[in-house]
Protein chains: 2
Amino acid sequence: MARRNTAVTDQVEPAPNDDCPLPEVLALIGDKWCIQILVELGEGPRRFTQLERAIEGVSRRMLTLNLRNLERNGLVTRTVYPTAPPSVEYAITRLAEQIRDPLEALADWARHAVPDLLTARRVYDSRT
Amino acid sequence: MARRNTAVTDQVEPAPNDDCPLPEVLALIGDKWCIQILVELGEGPRRFTQLERAIEGVSRRMLTLNLRNLERNGLVTRTVYPTAPPSVEYAITRLAEQIRDPLEALADWARHAVPDLLTARRVYDSRT
DNA sequence: CGGGATCCTCCCTGATACTG
DNA sequence: CAGTATCAGGGAGGATCCCG
């Protein structure tokens, strides 16, 4: 069991069966900060500290782990420039760019559904 | 602090700011079993035990919590038939039906991206 | 049958300190 | 600057028991 406690999500392992890959996708991009990382990198390449400042609330550790996971899955590239002090640049790949449309569709639904959702929630909560 | 340890995700609280509602959506439908529940209920109404058998791997507790969460957010309805023994039927709402298209788009991307993803992963892992 | 309540256990995560 | 290593806590989730 190599790689224990080194990745955020260890599952995925896309079961070749199952007609519904959604759980896997969610496991892939569900890591609390992945979306925000992808969104930020969508604006252009960023360095580690830039990401750390832009995302706000993320710890160094979690940022590292999420980036490693994204890199491992081919959604983000990591380029080291051997300068002094060292400089590391992250960027999204084509694979990651192609996911932006589906995610945008999901975001559209979210924006549209939030009111109904909040209403449902108030009703449910008021009935305790 | 009522409702502690009673919901799976307690956050959400859709911050009215932020132009990107994606983290909230993921918090909403990201609960490990929610997607599979919605997919299964998409086939038609189901009773608790039917869901428990269909989903496989889910514990009674988590199934209950996920269903409660979905119900609270207006994505699932819960109907109790006071028969003996009691019978409870779950079904998806219109709000939940409307999310199926975005999710399907995401699933399409997933199916298309899996090969690249696995390749990237093998390359990354082989470089240790 | 359909859960609620309780206990208990990992492991995820944050904080801190150290390194090339 | 860009991380890794280590420690500690807290919460998610499983197992179990019980009840209407």
Side-chain angles (χ1 to χ4, degrees), chain A residues 1-12 23 26-27 30-34 36-37 40-41 45-72 76-91 127-128, chain B residues 1-12 23 26-28 30-34 36-37 40-41 45-72 76-91 128:
Chain A
M1 295 293 176
R3 298 193 51 262
R4 224 341 67 193
N5 196 17
T6 157
V8 180
T9 46
D10 216 354
Q11 60 262 80
V12 183
L26 291 180
D31 288 344
K32 197 173 178 185
W33 307 102
C34 280
Q36 295 173 63
I37 292 174
E40 181 65 21
L41 289 183
R46 293 284 188 275
R47 296 174 57 182
F48 187 86
T49 310
Q50 285 182 307
L51 287 174
E52 192 179 5
R53 274 192 294 258
I55 293 191
E56 180 174 24
V58 69
S59 66
R60 241 188 214 93
R61 176 186 166 79
M62 282 304 103
L63 183 56
T64 301
L65 288 179
N66 279 272
L67 283 170
R68 284 290 177 284
N69 214 25
L70 288 170
E71 187 194 0
R72 181 164 111 99
V76 155
T77 60
R78 175 175 178 272
T79 313
V80 182
Y81 297 101
T83 58
S87 156
V88 179
E89 191 177 85
Y90 292 92
R127 296 181 319 176
T128 302
Chain B
M1 296 293 175
R3 298 191 53 264
R4 221 346 58 197
N5 199 14
T6 155
V8 179
T9 46
D10 217 353
Q11 61 262 78
V12 183
L26 291 180
L28 178 63
D31 288 344
K32 198 171 175 184
W33 308 102
C34 280
Q36 295 174 63
I37 292 174
E40 181 66 20
L41 290 183
R46 293 284 189 274
R47 297 176 54 183
F48 188 86
T49 310
Q50 284 183 305
L51 287 173
E52 192 178 3
R53 274 193 295 257
I55 293 191
E56 179 173 24
V58 69
S59 68
R60 246 191 209 88
R61 174 186 168 80
M62 280 305 105
L63 183 55
T64 301
L65 288 179
N66 279 271
L67 283 170
R68 285 293 176 281
N69 215 24
L70 288 171
E71 187 194 359
R72 181 164 111 98
V76 155
T77 61
R78 176 175 178 271
T79 313
V80 182
Y81 298 101
T83 58
S87 157
V88 179
E89 191 178 84
Y90 292 92
T128 302

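A, B, ... follow the sequence lines: proteins, then strands. Residue 1 opens every chain. Every value quoted in this text rests on a predicted model; they were computed, and no experiment measured them.
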How many Å lie between [atom1] on [X] and [atom2] on [N], as a whole number?
X: B:Leu63; N: D:dA12; atom1: CG; atom2: P; result: 18 Å
X: A:Arg47; N: D:dA2; atom1: CZ; atom2: C1'; result: 9 Å
X: A:Arg53; N: D:dG3; atom1: CZ; atom2: P; result: 14 Å
X: A:Glu52; N: D:dT4; atom1: CD; atom2: P; result: 13 Å
X: B:Asn66; N: C:dG3; atom1: CG; atom2: P; result: 13 Å
X: A:Arg46; N: D:dG3; atom1: CZ; atom2: P; result: 16 Å
X: A:Leu65; N: C:dT13; atom1: CG; atom2: P; result: 8 Å
X: B:Gln50; N: C:dG3; atom1: CD; atom2: P; result: 13 Å

Specify the angle, to 10°, made by the local axes at the two ends of the helix from C:dC1-D:dG20 to C:dG20-D:dC1 when five pairs are taken at each end.
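Taking five pairs per end, the axes differ by 50°.
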In Å, rounded to the nearest 0.5 Å, how long is the span from [atom1] of [X] to [atom2] of [Y]?
X: A:Ile55; Y: A:Gln50; atom1: CD1; atom2: CD; result: 11.5 Å
X: A:Phe48; Y: A:Thr64; atom1: CZ; atom2: OG1; result: 3.5 Å
X: B:Glu52; Y: B:Leu67; atom1: CD; atom2: CG; result: 10.5 Å

Heavy-atom check, side chain of [X] versus side chain of [Y], under 4.5 Å:
X: B:Leu65; Y: B:Asp31; value: no
X: A:Cys34; Y: A:Leu70; value: yes
X: A:Arg46; Y: A:Glu40; value: yes
X: A:Leu51; Y: A:Leu41; value: yes

With DNA chain C as reference, determine whether A:Pro85 or A:Gly57 sits nearer its 5' end, using the nearest nucleotide of each.
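It is A:Gly57 whose nearest nucleotide is closer to the 5' end.
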May I ask you to say what B:Arg60 touches in the nucleic acid, namely base, sugar-phosphate or nothing, with a heavy-atom cut-off under 4.0 Å?
base
So what does B:Tyr81 hit on the nucleic acid, given a heavy-atom distance under 4.0 Å: a base, only sugar-phosphate, or nothing?
nothing
Short side-chain N/O contact from [X] to OP1 or OP2 of [N], under 4.0 Å:
X: B:Arg61; N: D:dT16; result: no
X: B:Tyr90; N: C:dG3; result: yes
X: A:Thr49; N: D:dA2; result: yes

In terms of the nearest nucleotide of DNA chain D, which residue is placed more toward the 5' end: A:Thr64 or A:Pro86?
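On the 5' side of the pair lies A:Pro86.
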Position toward the 5' end of DNA chain D (nearest nucleotide), A:Arg78 or B:Val58:
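Its nearest nucleotide lies further toward 5', so the answer is A:Arg78.
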